[in-house]
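Whatever order the structure lists ligands and atoms in, that order sets their numbers, starting from 1. Numbers for residues simply follow the sequence, beginning at 1.
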Amino acid sequence: MKPTVYICRQMPEDVVAPLRDQYEVRMWESASEAVPRDVLMKEAASADALWTVISDQIDEEILDAAAELKLIVNMAVGYNNIDVKAANARGIIVTNTPDVLTETTADLAFALLMATARDLIGAENTLREGRWTSWEPLGFTGTDVYGATLGIVGMGRIGEAVMRRAKGFDMDVLYHNRSRKSEMEDMYGCRYAELSDLLASSDFVLILVPFNEETKGMIGEKELAQMKESGILINVARGGIVDEDALFDALRTKKIHAAGLDVFETEPVPLDHPLLTLPNLTVLPHIGSATVKTRKAMMKRNVEALQAFARGEEPNHQVQG
Ligand code: DGY
């Protein structure tokens with residue numbers, strides 16, 4: 001009998017087809033709606049492997065129900081949607097999809113930074129809504145990116161990729177990370193800074209740390225108060241890293257100039273969320289890795305991990321809790 005894989009989101013048939021030799025493939029038949037928890041629970045109960053996306057919360061309750069489960073392939077580099085420690089304790093392997101999304105996510109981080117700096121979306125809306133009356137000496141004016149100071153919080157692969165882009169804009173780059181990256185300092189001339197110094201000295205603060213117990217609420221009232229009044233905060237990592245109530249207050253009272261968010265504590269962000277009332281906030285629906293090429297490469301990583309496992313090999317890109 002073939003093992004069963006349950007795919008928690010509809011994937012293209014050409015991606016799934018190669019798995020059918022080795023697996024009984026079952027799949028949630030919607031690409032745009034998340035699998036409901038009760039369906040996930042029921043499917044997990046008889047699955048040998050699960051293919052998850054970031055909206056699938058795999059916690060102890062699901063793991064307890066999943067008696068046969070041996071492998072979870074998560075289609076993301078971040079894996080905070082999975083209780084990896086609890087999975088590993090049950091002998092379940094968890095894999096993610098690093099590297100293939102690095103440049104795409106760095107592109108988006110830089111695009112959001114630029115869009116926020118120049119309020120591109122606000123300017124477009126003004127035009128589309130017929131409110132563009134004339135060229136104005138100080139109309140539509142934003143913040144310069146070229147030559148500004150960028151503070152990167154979390155200097156991993158994506159941080160390095162953003163830094164390469166920033167160098168093309170002659171930006172001075174500060175970074176804060178758990179460990180110093182001397183090689184990068186030598187190669188790119190970036191400088192390590194304590195978080196408070198980075199916040200106080202940067203024109204743009206870019207959040208790129210993974211979401212975990214240590215980084216939850218890492219940017220709150222105190223940290224936002226340490227930023228420049230002209231400072232701009234960009235978050236493309238996970239919503240819970242920035243305290244949304246504190247960010248709302250900081251933006252509303254102009255303690256910081258603007259923010260750009262690709263991620264939220266709750267996704268999709270509720271339309272009545274107070275943050276969405278603010279004009280100095282640019283928002284995107286978690287699209288960091290969203291290009292066809294990259295999403296296909298992430299799918300391929302998951303297929304490869306499943307195939308390796310079915311052959312009795314150790315899948316690549318395993319993560320530990
Ligand atoms: C990731 O890979 O962690 C992204 O946030 C999902 O695209």
Side-chain angles (χ1 to χ4, degrees), residues 7-12 15 28 30-35 50-59 72-84 87 93-113 115 152-162 165 177 206-216 218-219 233-242 244 259-269 282-306 315-321:
I7 306 180
C8 298
R9 200 61 76 94
Q10 189 183 51
M11 297 291 155
V15 170
W28 174 243
S30 170
S32 56
E33 303 278 335
V35 57
L50 280 181
W51 172 323
T52 51
V53 300
I54 52 169
S55 49
D56 304 316
Q57 293 301 323
I58 308 296
D59 52 21
I72 303 170
V73 295
N74 197 44
M75 194 182 139
V77 69
Y79 44 85
N80 55 292
N81 55 311
I82 299 172
D83 187 339
V84 179
I93 295 173
V94 182
T95 66
N96 69 342
T97 62
D99 305 324
V100 289
L101 49 70
T102 300
E103 300 299 339
T104 304
T105 306
D107 278 352
L108 188 279
F110 214 80
L112 180 56
L113 184 152
I152 300 180
V153 181
M155 183 54 90
R157 284 169 284 228
I158 299 171
E160 183 181 352
V162 171
R165 287 155 178 77
N177 199 53
L206 171 62
I207 307 301
L208 280 173
V209 284
F211 181 70
N212 54 39
E213 280 309 313
E214 260 174 64
T215 61
K216 189 172 176 181
M218 177 182 191
I219 305 296
L233 180 80
I234 305 293
N235 187 7
V236 297
R238 288 291 184 267
I241 298 162
V242 176
E244 288 180 352
L261 301 179
D262 184 41
V263 289
F264 300 86
E265 262 171 51
T266 302
E267 294 182 1
V269 60
T282 299
V283 287
L284 295 173
H286 201 146
I287 57 168
S289 63
T291 65
V292 175
K293 182 172 162 226
T294 292
R295 288 286 167 82
K296 287 273 174 102
M298 292 162 74
M299 291 172 192
K300 189 160 175 268
R301 279 248 191 283
N302 270 11
V303 168
E304 286 166 352
L306 285 161
N316 288 331
H317 310 300
Q318 296 186 25
V319 295
Q320 316 301 328

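Side chains of Lys300 and Val100 form no contact here, defined as non-hydrogen atoms less than 4.5 Å apart. Side-chain contact between Pro285 and Glu267 is absent, with no heavy atoms from C-beta onward closer than 4.5 Å. Using a 4.5 Å cut-off on side-chain heavy atoms (C-beta onward), Ile54 and His286 make contact. Under the 4.5 Å side-chain criterion, counting only non-hydrogen atoms from C-beta, Ile72 is in contact with Ile82.
Atoms of ligand 1 found under 4.0 Å from any heavy atom of Ala76, numbered from 1 in the order shown, are 1 (C), 2 (O), 3 (O). The Arg238 neighbourhood of ligand 1 comprises atoms 1 (C), 3 (O), 4 (C), 5 (O), with distances under 4.0 Å to a heavy atom of that residue. For ligand 1 and Leu101, the ligand atoms under 4.0 Å from any heavy atom of the residue are 2 (O). The distance from ligand 1 to the heavy atoms of Gly78 drops below 4.0 Å at these ligand atoms: 1 (C), 2 (O), 3 (O).
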Note to self: What verdict does the side chain to side chain donor-acceptor pair (under 3.5 Å) test give for Thr215 and Arg238, after you've listed the backbone C-alpha separation in whole Å, the side-chain angles of each residue and the deciding distance to 0.1 Å?
What the structure shows: CA-CA 10 Å; Thr215 61; Arg238 288 291 184 267; over 6 Å; no

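Not close to ligand 1: Met75, with no non-hydrogen atom less than 4.0 angstrom away.
Scanning all protein heavy atoms for the shortest distance to atom 2 (O) of ligand 1 gives Val77 N, 2.7 Å. His286 NE2, 3.8 Å is the protein heavy atom nearest to atom 6 (C) of ligand 1. The protein non-hydrogen atom at the shortest distance from atom 7 (O) of ligand 1 is Ser289 OG, 2.7 Å.
For CD of Glu33, the number of neighbouring non-hydrogen atoms (other residues, nucleotides, ligands) closer than 6.0 Å is 12 at most.
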